[in-house]
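Let me begin by presenting the structure, written as structure tokens, before commenting on it.
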Amino acid sequence: MATATPKRITDIGPPHYEKFLHPVIKRNYGKWLYHERLAPGVLCHTAESGEKIYTVRAGSPRLLSVQTIRLLADLADRYCGGYLRFTSRHNIEFLLDNPANVEPLRKDLADAGFPVGGVGASISNIVHTQGWIHCHSAATDASGLVKALMDRLYPRFTEENLPAKLRVAVACCLNMCGAVHCSDIAILGIHRKPPKIKHEILKRVSEIPTVVASCPTGAIRPANVGGYESVNVIEEQCMFCGNCYTVSPAMPLDDPEHDGLSIYVGGKVSNARTQPKFSKLAIPFLPNNPPRWPEVVDAVVNLVDVYAAHAHKFERMGEWIDRIGWPRFFELTGIPFTRYHIDDFTHAGLSYARSTHIRF
Amino acid sequence: MSEKTPLLDELKNGPWPSFVAEIDKAKETSPACDDLLGQLELSYVEKKGHWKHGGMVGVRGYGAGVIGRYSDAPDRFPKVAHFHTLRVNHPSGWFYTSGALRTLADIWEKHGSGLTNFHGSTGDVILLGTTTDEIEATFQELTAAGFDLGGSGSALRTPSCCVGKARCEWACFDAMKLCNDLTQEHQDEMHRPAFPYKFKIKCSACPNDCVAAAARADLSVIGTWRDDIRQDDAAVAEYAAAGLDIQSDVVDRCPTRCMKYEAGKLTIDHRECVRCMHCINVMPKALRPGVETGATLMIGAKAPIIKGALLSSVLVPFVPEAELKETINELLQRIWDFWDEYGENRERIGELIQRVGLPAFLDGIGLDPVPEMVAAPRENPYIFFQHEEGK
């Protein structure tokens, strides 16, 4: 006998978070008093009731197999009554009510290859995008670059020895999924050649007015090319943003020889001490060199080391640079200052120095 | 047959957990992972991506939540010829039980590549890679298990929030509840894209802004308080006794210099405090946000595409916690109506405000201007006086 088709369920939204809260969290929801950092990667939150919840934070590659998800679930069952969460930077947080379980959990995590850390004055996990794993517009890979970076920055994750927290983010194109543009160190995949227009398919796969309108500098014009209704790009006006490619598959910008990475520094989103700010250009171009991206990794390690050596306690990267000034930043880091560092897009003039406050 | 992947194999070395090792593990149950590694190796060799542009795929009745993805080398890598992604709306605060994680793992092992992201940039669980004919079946199993898809395209994107009151003493409003309520009340806007472009809502329960709302969200809800910082003098003394230099580490770091530390006594001029959080961050046992809590509503953040990145700017300086949801919903309706009326295709709300000016936007949504909205009044004398005033 055929069974009835179950009713199709839609528009239910996410499961309610209350189902997933540790009993200690549920009992003390909204009644937390203070927290302490017991060790790198280990937090203890104390509630008004006196109850405590311990958090062990572990780094993750973000891309996880179902096998590893089950491993995390097993660890949560063994030490946390099954309760865990993830952070906005892809870390895994195990939530424990018994402090005696902290050490055994740390040991099991170490055995499974998961570092504990990323809290306080450290480098937390790198927020990043899909890259060549799954994105059509990526100028570089993200997961591989992050892996290469975190292998070198590993002790900065597992220990708290920086002046303040340091947020690193990777975006593999200018679309920037994630808050790359407000990070202490932002690594951005870039194109440097105009789109190579596929005139023979453009009209079939996209609308010409939409492609024309997509260009922020007005560099795209309708044109008949070789008998095809298509578009032209005024190449001197192209700043390689890729917005035309987002609206039309006939406008690819990929160019293995010229694509690469740029590095921006000094952004923050927290309001602590100083206002949120954008990251600013430190290095306009580095080569795209998988699988280890040595030029990018060396540049980031240099930035971290120079910052660690010179910033005052509690100073974020951008606050340190504001104090010492950009000329000294370029001097200390040994990064050459070029014409590309000077803004020439909208409101560029606001970034020009308008005083004689100069350190010699 | 598996292709050799020497470049990717290199990324299995080193102390940080390896995504290549994860793809290797998933091969046990998913043949697609072999071809994924093969294609990725090709990208590493050639230094270019091998995914084709989008494609309309989805589940019946929704226009969002599934990202179409096709290989540009399907003959060589047939098992990733289609490799679509599902965005699954995460629970507020990214809390799970082991059981919920196993449920998601089982569904994805059965219907997809076995590869996930915990989590994607917007906050969703990402189920990475499946074929067109598995999508509806995956969706039905997800909803039967209590999960639904997230947003994509020109829709309300999956709202996200910080850990809030669940595990943070600084939470000035219940970010997880607000995020969950807004998500539930705007299911239609999430699943059926009808906006000029994407719209993101992010809730951070204090000015530390742990979900980067001010940098990423079209509507940024950032917790704050308007009464006085709560202070425990005995705990201040404990910090001092434990070696904290209260003068240089706390008082001298205050952006408005509203604190004094004299003869072992810390005093705060609360009228001058801008709620930056620094002193509270440094001495969580001694200082706490006040009790008259709520949020600042900010508008318009976005990444660079199309006309440059924007940070959110102040829209409503303070909304008491009890009025947050109602105020936000009322404003959202007016903001979305204005955007619908005047926004161009692929124009974020922040860019629309840049184009028409904040005063016109305020007129459009019926908000009065207040000085908290600007860093400074205008410097230029080019004022568009309104006709009735010029008469």
Side-chain angles (χ1 to χ4, degrees), chain A residues 9-15 17 20-21 25 29-30 32-35 45 61-67 69-70 73 76-77 82 84-86 88 113-114 132 136 138 143-144 147 150-151 154 174-179 181-182 216 243 249 254 256 269-273 276 288 290-291 314 346, chain B residues 7 10-11 14-17 19 22 25-26 43-44 47-49 51 53 89 91-98 101-102 105 108-109 114 116-118 121 143 146 148 165-167 169 176 183-184 187 207-209 211-212 214-216 253 255 276-278 284-285 303-309:
Chain A
I9 306 165
T10 70
D11 297 85
I12 57 170
Y17 54 88
F20 303 137
L21 298 182
I25 286 180
Y29 195 93
W32 296 100
L33 201 54
Y34 62 87
H35 76 277
H45 285 80
R62 183 176 94 133
L63 194 160
L64 298 174
S65 63
V66 292
Q67 287 79 2
I69 290 165
R70 292 184 186 119
D77 280 344
L84 74 170
R85 72 177 288 268
F86 294 82
S88 58
F114 290 97
W132 290 331
H136 66 290
S143 306
K147 163 71 176 151
M150 286 312 286
D151 277 344
Y154 192 87
L174 271 64
N175 276 313
M176 287 194 192
C177 346
H181 54 299
C182 293
N243 196 43
D254 273 4
V269 289
S270 146
N271 287 275
R273 299 167 304 283
N288 203 8
F314 299 118
T346 320
Chain B
L7 293 177
E10 216 301 300
L11 288 173
W16 190 256
F19 72 102
E22 290 299 312
K25 271 199 214 175
S43 286
Y44 272 52
K47 303 184 186 185
K48 75 189 282 280
W51 297 107
H53 209 275
N89 198 150
S92 274
W94 298 289
F95 282 89
Y96 296 90
T97 54
S98 52
L101 285 185
R102 287 197 191 92
W108 197 231
E109 181 174 294
T116 69
N117 291 149
F118 275 84
S121 297
T143 52
D148 199 346
K165 292 192 170 184
R167 200 207 49 198
E169 67 271 26
M176 284 175 33
T183 308
Q184 289 293 352
Q187 284 290 294
N208 283 323
D209 195 1
V211 286
R216 306 192 286 164
R253 293 267 161 212
C276 86
M277 289 299 290
H278 174 77
K285 274 183 169 175
I305 300 295
I306 302 169
K307 289 187 176 159

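Order of the sequence lines sets the chain letters (A, B, ...), proteins ahead of strands, with each chain counted from 1.
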Atom pair [atom1]/[atom2] of [X] and [Y] - distance to nearest 0.5 Å:
X	Y	atom1	atom2	result
B/I306	A/L174	CD1	CG	12.5 Å
B/R216	A/S88	CZ	OG	7.0 Å
A/I25	B/F95	CD1	CZ	4.5 Å
B/L101	A/F86	CG	CZ	5.5 Å
A/N175	B/I305	CG	CD1	5.0 Å
A/N288	B/K48	CG	NZ	12.5 Å

- For each of B/N89, B/T183, B/N117, tally heavy-atom pairs with chain A at distances under 4.5 Å, and name the one with the top tally.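 Top count of heavy-atom pairs under 4.5 Å with chain A: B/N117.
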- Note on the structure: With chain A, the option among B/P91, B/P15, B/G146, B/A26 that has the most non-hydrogen atom pairs under 4.5 Å is B/P15
Look at the side chain of [X] and the backbone N and O of [Y], then say whether any donor-acceptor pair between them is shorter than 3.5 Å.
X	Y	answer
B/H278	A/R273	no
B/Q184	A/P14	yes
B/D148	A/I12	yes
B/T116	A/L64	yes
B/H53	A/H136	no
A/N271	B/C276	no
A/K147	B/W16	yes

- Task: Taking the side chain as every heavy atom from C-beta outward, state whether B/M277 and A/S270 have any atom pair closer than 4.5 Å.
- Result: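 SC-SC contact between B/M277 and A/S270 ruled out.
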- Message: For B/K25, I'd like to know if atom NZ has over 12 heavy atoms of other residues, nucleotides or ligands within 6.0 Å.
- Response: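 Counting other residues, nucleotides and ligands, NZ of B/K25 exceeds 12 neighbours.
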Where does [X] contact chain B at under 4.5 Å (heavy atoms): side chain, backbone, both or neither?
X	result
A/D254	side chain
A/H45	side chain
A/Y154	side chain

- By a 4.5 Å heavy-atom criterion (distance strictly below it), what part of B/S43 contacts chain A: side chain, backbone, both, or neither? both
- Message: For the interface with chain B, which of A/P276, A/G113, A/P15 has the highest count of heavy-atom pairs at distances below 4.5 Å?
- Response: A/P15
- Query: A/A76, A/A138, A/G30: which one forms the most heavy-atom pairs within less than 4.5 Å of chain B?
  - Reply: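 That would be A/G30.
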